[in-house]
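Accompanying notes for the structure given below.
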Amino acid sequence: MTSVAVSKDYVDDTVTFDSFNLDPRLLQAINKLGYDNPTLIQTQTIKLSLEQKKDIIAKASTGSGKTAAYCIPVIHSILVDSLTRNQTQAVILVPTKELSKQVFEFLNQLTVYCGNLIKTLNLNDTISEQLQMSLVNDSPEIIVSTPAKLISVLEKNKSLNLTNLKYLVIDEVDLMISYGYNDDLDKLTNYLNLKQTTQVFMMSATLNEDINDLKEKFCNKPAILKLQDLDNQNKKLIQYYIKTNEFDKFLLIYVILKLALIKGKILLFVNDLDRGYKLKLFLQNFGIKSCLLNAELPVNSRMHIVEEFNKNVYNLLIATDESNEYDEEDELDKSKPSNASDYGVSRGVDFKNVACVLNFDMPTSSKSYIHRVGRTARAGKSGMALSFVVEEKEWGKHKASSLPSAKRDERVLARVEKSQSKLGFELKPYQFDFKQLENFRYRMEDSFRSITRAAVREARLKEIKMELIASEKLKRHFEENPQDLSTLRHDKDLSKVRTDQHLKRVPAYLLPEGIRPDSKKVGFVPFNNMHKKRKQGGKKGGKKKVDVLKKFRK
Ligand code: AMP
């Protein structure tokens, strides 16, 4: 059995999967996944769906087992209903391509013992249009897609008929709304025979008025599930900030990572693409390996990076989050556009076992702060968030490290503090001996200087070229060898900016006293110990060399 990480807080150990009378092929797959008991959301959703055939709106965040909660009843019903084979019976809508792939792969795990009875299709997969058309024409029983992609396929391919659809899942409903998918969802209603034949599942991290409109359009007297324990997860998140200036952020990150002051996997956020590359090159100079995740990389590579990060292949992931959202109350910036896209690094994607979310660049709104820090302390586990906050008076003083959004860091922090305190949480200043940093300043400046704009540009181009090639290889390779993950790593060093090896090692004199090797205990060790040499058989009157083997003879 593979061990799977879901917190005990979520597991409903009063119930077993056997008690739902699920199809044995499905049950066997659940066993293979290593699930002993259902989670709370699974118990409720499976029962309501199978026994009462009700529409369901569930408050469920990633980490609670929500994907299985809707996949299990859908697969079970398709398996037991032999009359409706070879028709598309379920559509699962998700807000991002990454999630689409994630859900698709999960479905494949759950249907591993179903032979050809359940065909699944991910419409967001990067395949040729002809191949996609032929796969759609094959009437896959379950389709996973983002709303926009589904509409574009429906408009092009008239043979995809959803009027008899039995299940419609809208996952991450709150994100669907904030990503502006409302129009696509509206259009979708024209292709469905809702409220007559279709059972609807709507899963959302928050249940607020925003989703009422969708509820009216899609659901028929839905059961609303609000599971109390889901709110408790935030209590396990400890939040810190450090007030600093723009240049010192590089000093801080170097020291924190080099001295391993944070244990476990780190998801580090920057606000623009070039900064991601700059930081990677900067850290690379010190022998600190990291892996980049940004919207410019092909989707296959992005998914592969997330998968490997989840399998603990990498410890440090630098994610570019360019969401540029602004809080409602931020009068100054209301006019600025939000560039939400169907790419979600800070949202939705199931990053596993993240010990720390590190905001190297503070996000631009309290909303995106919540999305970012939500990548840790998931599924009831504990986690830490650390944010570098640039003091307004310090902003713009060091051009080469400056970032426009950092001008408002303190204001964003104030709003984050306000919104977190409403939930009963507080952000604390990170305790750190700033004097110790000074020892490292010279090395930091040395490394920083070497990362010119040209070096960043070159690294960015090379990385994309490499990932594009790798992406194609990946697709083919992992289709054939799903187990083989060692072929393509994403944390390789970027093109060399410099060859200095000395930066990779931290000499003892730079270390803070607490962790410096204690020279007094070792004592003075002369380079040539003549005295000893003489005693142990030097030419002048010493004893003969001891033959260790002879010494043991009786
Ligand atoms: P989700 O909330 O769907 O993103 O799932 C979060 C994680 O929990 C995934 O890694 C699932 O494989 C895992 N999971 C889901 N259901 C169970 C269960 N009943 N027992 C153990 N792990 C589970």
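We count ligands from 1, going down the list as the structure has it; atoms in each ligand are counted the same way.
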Taking only heavy atoms of [X] into account, list the atoms of ligand 1 that are under 4.0 Å away from them.
X    : value
N37  : 18 (C), 19 (N), 20 (N)
S64  : 2 (O)
K352 : 10 (O)
T67  : 1 (P), 3 (O), 4 (O)

Centroid separation F309 to Y314 less than 6.0 Å
no
Determine whether the side chain, the backbone, both or neither of F17 has a heavy atom under 4.0 Å from any heavy atom of ligand 1.
side chain
Any donor and acceptor pair, going by atom type alone, linking the side chain of N124 with main-chain N or O of T146 inside 3.5 Å?
yes
Salt bridge present between D138 and K119 (N-O < 4.0 angstrom)
no
Can you measure from CG (N315) to CG (L267) and round to the nearest 0.5 angstrom?
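Answer for the CG-CG pair, N315 versus L267, is 12.0 Å.
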Purely on distance, is any nitrogen or oxygen of G65 under 3.5 Å from one on ligand 1?
yes
Distance-only N or O hit between ligand 1 and Y35, under 3.5 Å:
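Indeed, backbone or side chain, Y35 has an N or O that close.
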Any chance the side chains of Y167 and S77 put a donor and an acceptor closer than 3.5 Å?
yes
Side chains of T320 and N294: donor-acceptor distance under 3.5 Å anywhere?
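No, because no side-chain N or O of T320 sits under 3.5 Å from a partner of the opposite role on N294.
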Is the closest heavy atom of D36 to ligand 1 under 4.0 Å?
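No; D36 lies far enough from ligand 1 that no heavy-atom distance drops under 4.0 Å.
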